[in-house]
2 protein chains.
Amino acid sequence: MSQERSTRQRAAMRAVIEAAGRPLSPQEICAMAQSEVPGLGTATVYRNLKLMVEAREIEPVVLPGEGARYEPTHHGHHHHFQCNECKRVFDVHECPGDLDRLAPKGFTVERHELTLYGRCDECAAPK
Amino acid sequence: MSQERSTRQRAAMRAVIEAAGRPLSPQEICAMAQSEVPGLGTATVYRNLKLMVEAREIEPVVLPGEGARYEPTHHGHHHHFQCNECKRVFDVHECPGDLDRLAPKGFTVERHELTLYGRCDECAAPK
DNA sequence: ATAGATGCAAAGAGTTTGCATAGGT
DNA sequence: ACCTATGCAAACTCTTTGCATCTAT
């Protein structure tokens, strides 16, 4: 039987993802976790992300045209906002709801993804 | 000044995209256009796709986690529906509108993308 | 004739995999 | 000690770029 071990790199990644408050890209996670575990390699980050997703500890956030980002598993439906300037992604907990009616006749809607684009509060503010 | 030339490869790509009736990936476009222009290379496909997008002749359709596909330019805002079974993508011309209110305070919404997932009419129907 | 377009190959960017070694248990 | 996890480097996929050649105008 396989058994998951608790390693410094995994702990560092977990801490970084928990603390972020927004979905992080693999490179961000790698860079941020390196302050805790300097030698951390990208392969390890990808391998652990995969394991953590399978363990339902985190989940991928995939926006159109962008690589996957990861955030702690949310219980409940939510969407995302991407800043056109800094390109960071934020959670949006509101939902327009009732999107089933938009589908063509005979189509059944099971799920939807909504992404807003614009300026985040920091980038909207004058410098 | 630059002037766009009409070439066989561009014409073939245009024809393929027009005839498809659904958004096509660069590889599909390349493969399909090669029956008309055998030596067509991927670099040319990508370069022409870029030009055609800039010329507003076609537009990219980018779904989460999928590479870009291209379809003839639609006039008017629209969204997409992807069938979970056949994976085909369809246009959805309705729009929930008024999504600006969903953003966090201080955030400005400029644009939105909405993708519905479910069953298309053919796949929803019993076989 | 001239300048944009093409095709090949090489270069990038992001992600995955092979393999010897480090390190949890 | 055993066996998973790690780090490096190489492989892979998709897309872009450099460059000599071709070709529409």
Side-chain angles (χ1 to χ4, degrees), chain A residues 1-17 20 22-55 57-71 82 86-89, chain B residues 1-17 23-71 87 89:
Chain A
M1 300 299 297
S2 64
Q3 175 74 5
E4 285 200 12
R5 293 173 181 180
S6 120
T7 62
R8 278 167 33 249
Q9 14 296 79
R10 204 122 66 196
M13 287 176 60
R14 242 188 286 267
V16 159
I17 293 169
R22 62 184 178 82
L24 298 179
S25 67
Q27 350 341 258
E28 286 176 313
I29 293 167
C30 189
M32 294 168 85
Q34 279 178 342
S35 60
E36 186 67 27
V37 184
L40 182 60
T42 63
T44 299
V45 170
Y46 282 102
R47 276 187 286 235
N48 281 335
L49 286 174
K50 182 175 285 190
L51 286 174
M52 292 161 82
V53 167
E54 283 167 6
E57 207 180 314
I58 60 174
E59 61 187 6
V61 175
V62 190
L63 303 197
E66 308 261 322
R69 291 175 168 85
Y70 299 86
E71 66 183 354
Q82 182 173 38
C86 67
K87 303 302 181 192
R88 289 184 303 176
V89 174
Chain B
M1 297 309 298
S2 66
Q3 174 74 4
E4 284 200 12
R5 294 173 182 177
S6 118
T7 62
R8 278 168 32 248
Q9 12 298 81
R10 203 122 66 198
M13 287 176 59
R14 242 188 287 268
V16 159
I17 294 170
L24 298 180
S25 68
Q27 333 6 244
E28 286 175 313
I29 293 167
C30 189
M32 295 168 84
Q34 279 177 343
S35 60
E36 186 67 26
V37 184
L40 181 60
T42 64
T44 299
V45 170
Y46 281 103
R47 276 187 287 235
N48 282 334
L49 286 173
K50 183 175 284 189
L51 287 174
M52 292 162 83
V53 167
E54 282 167 7
R56 302 285 157 89
E57 207 180 313
I58 60 174
E59 61 186 6
V61 175
V62 191
L63 303 195
E66 310 257 325
R69 294 161 205 231
Y70 298 85
E71 67 182 354
K87 303 299 179 194
V89 175

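Chain naming here is simple, since letters A, B, ... match the order of the sequence lines and numbering starts at 1 in each. Reckoned from all heavy atoms, side chains included, excluding hydrogens, waters and symmetry mates.
- In summary, of the residues considered (A/Pro23, A/Pro26, A/Ser25), a side chain to side chain contact (heavy atoms under 4.5 Å, CB included) with A/Tyr70 occurs for A/Pro26 alone.
- The nearest whole Å value for the distance from the CD1 atom in A/Ile29 to the P atom in D/dT6 is 14 Å.
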When you compare the protein's N or O atoms with those of nucleotides 11-18 of chain C, which come within less than 3.5 Å of each other, and at what distance?
| residue | atom | partner | partner atom | Å |
| --- | --- | --- | --- | --- |
| C/dT15 | OP2 | A/Gln27 | OE1 | 3.3 |
| C/dT15 | OP2 | A/Tyr46 | OH | 2.1 |
| C/dT15 | O5' | A/Tyr46 | OH | 3.1 |
| C/dG18 | O6 | A/Arg47 | NH1 | 3.3 |

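- Between A/Met13 atom CE and D/dA5 atom C1' there is a gap of 12 Å when expressed in whole angstrom units.
- By the side chain to side chain donor-acceptor pair (under 3.5 Å) test, A/Glu36 is found to be paired with no residue, residues two or more places apart in sequence or in another chain being considered.
- A sub-4.0 Å separation between OP1 or OP2 of D/dA5 and a side-chain N or O of A/Thr7 is absent.
- Between B/Glu4 atom CD and B/Asn48 atom CG the span is 8.5 Å, to the nearest 0.5 Å.
- Here B/Ile58 contributes atom CD1 and B/Leu51 contributes atom CG; the two are 9.5 Å apart, rounded to the nearest 0.5 Å.
- Remark: B/Ile29 CD1 to B/Gln34 CD distance equals 12.0 Å, nearest 0.5 Å.
- Atom C1' of nucleotide D/dT6 and atom CZ of A/Arg10 are separated by 10 Å, given to the nearest angstrom.
- Across the protein-nucleic acid pair, A/Asn48 atom CG and C/dG23 atom C1' stand 14 Å apart, rounded to whole Å.
- Rounded to whole angstrom, the span from the CG atom of B/Leu51 across to the C1' atom of C/dG4 amounts to 10 Å.
- Side chain of A/Gln82 to main chain of A/Lys87: a donor-acceptor pair is present (N/O by atom type, distance under 3.5 Å, no hydrogens or angles).
- For the atom pair CG of A/Leu63 and CG of B/Leu63, the computed distance is 12.5 Å after rounding to the nearest 0.5 Å.
- Between the CD1 atom of B/Ile17 and the CD atom of B/Glu59 there is a distance of 11.5 Å, given to the nearest 0.5 Å.
- In this structure, the CD atom of B/Gln34 is 14 Å from the P atom of C/dT6, given to the nearest Å.
- A straight line from CG of B/Leu40 to C1' of C/dC8 spans 13 Å, rounded to a whole angstrom.
- Rounded to whole angstrom, the span from the CE atom of A/Met52 across to the P atom of D/dT6 amounts to 11 Å.
- Between A/Glu57 and A/Arg10 there is no salt bridge, since no side-chain N of the basic residue sits under 4.0 Å from a carboxylate O of the acidic one.
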Can you pull every protein N or O that's under 3.5 Å from an N or O on nucleotides 20-23 of chain D?
| residue | atom | partner | partner atom | Å |
| --- | --- | --- | --- | --- |
| D/dT23 | O2 | B/Arg5 | NH1 | 3.2 |

